[in-house]
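Each remark here refers to the structure printed beneath this line.
For ligands, and for the atoms within them, numbers begin at 1 and follow the listed sequence.
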Amino acid sequence: MRLNEDERAHDLAPLLQNGWTHDADRDAISKVYAFKNFIDAFGFMTRTAIWAEKYKHHPEWSNVWNKVDVTLTTHDHDGLTELDVKLARKMDALAG
Ligand SMILES: C[C@H](O)[C@H](O)[C@H]1CNC2=NC(N)=NC(=O)C2=N1
């Protein structure tokens with residue numbers, strides 16, 4: 001189920017304070033993570049991949065050297081769900 005208004009206020013708002021931006025057209029959130037170098041960026045992607053498999057929820061992302069550009073949305077529901085919130089929180093934690 002897509003996030004309702006209460007969930008957006010309580011769960012999404014803190015992410016938007018922490019570097020995530022909301023694309024209203026797609027109902028998706030995006031963030032660019034910047035690391036020291038490629039190894040740190042790729043390490044972050046590798047750790048994220050393991051959690052994404054565990055959650056059965058996967059990011060749209062691209063990498064250029066030290067940067068990882070991430071977009072989260074739930075394709076099965078055409079918008080944001082609690083799975084996106086869960087993965088965003090995990091990625092913020094993994095990025096340190
Ligand atoms: C069967 C499988 O779990 C589903 O197709 C999952 C896989 N990963 C997914 N990831 C994302 N971001 N959205 C989905 O709707 C989605 N669906």
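The protein non-hydrogen atom at the shortest distance from atom 8 (N) of ligand 1 is H58 ND1, 2.8 Å.
Contact atoms of ligand 1 toward T74: 13 (N), 15 (O) (distance under 4.0 Å to a heavy atom of the residue).
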Practice task
Dump the intermediate steps for side-chain hydrogen bond (donor to acceptor under 3.5 Å, both in side chains) on D92 and N18, then the final yes or no.
Solution key: CA-CA 9 Å; D92 282 346; N18 198 29; 3.2 Å; yes
Exercise for the section: Under the side-chain contact (heavy atoms from CB on, under 4.5 Å) rule, what do E60 and V70 come out as? Steps first, then yes or no, please. Expected result: CA-CA 6 Å; E60 299 173 16; V70 178; over 6 Å; no
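Distance remark: protein heavy atom present below 4.0 angstrom from atom 6 (C) of ligand 1. Closer than 4.0 Å to atom 2 (C) of ligand 1 lies none of the heavy atoms of the protein.
Looking at D84, its side chain does come within 3.5 Å of a backbone N or O of T73 through a donor-acceptor pair. Between the side chain of N4 and the main chain of R8, no donor-acceptor pair closer than 3.5 Å is present.
In this pair, Y55 and W51 present their aromatic rings tilted. The plane angle is within the 30 to 60° band.
Taking all heavy atoms of H75, E60, K56 into account, the minimum distance to atom 11 (C) of ligand 1 is reached by H75.
Below 3.5 Å of separation, one finds an N or O of D76 facing an N or O of ligand 1.
Between D11 and R89 a salt bridge is recorded (basic side-chain N to carboxylate O distance below 4.0 Å).
In this structure, L87 falls outside the shell of residues with a heavy atom less than 4.0 angstrom from ligand 1.
With a 4.0 Å cut-off on non-hydrogen atoms, T73 touches ligand 1 through its backbone and not its side chain.
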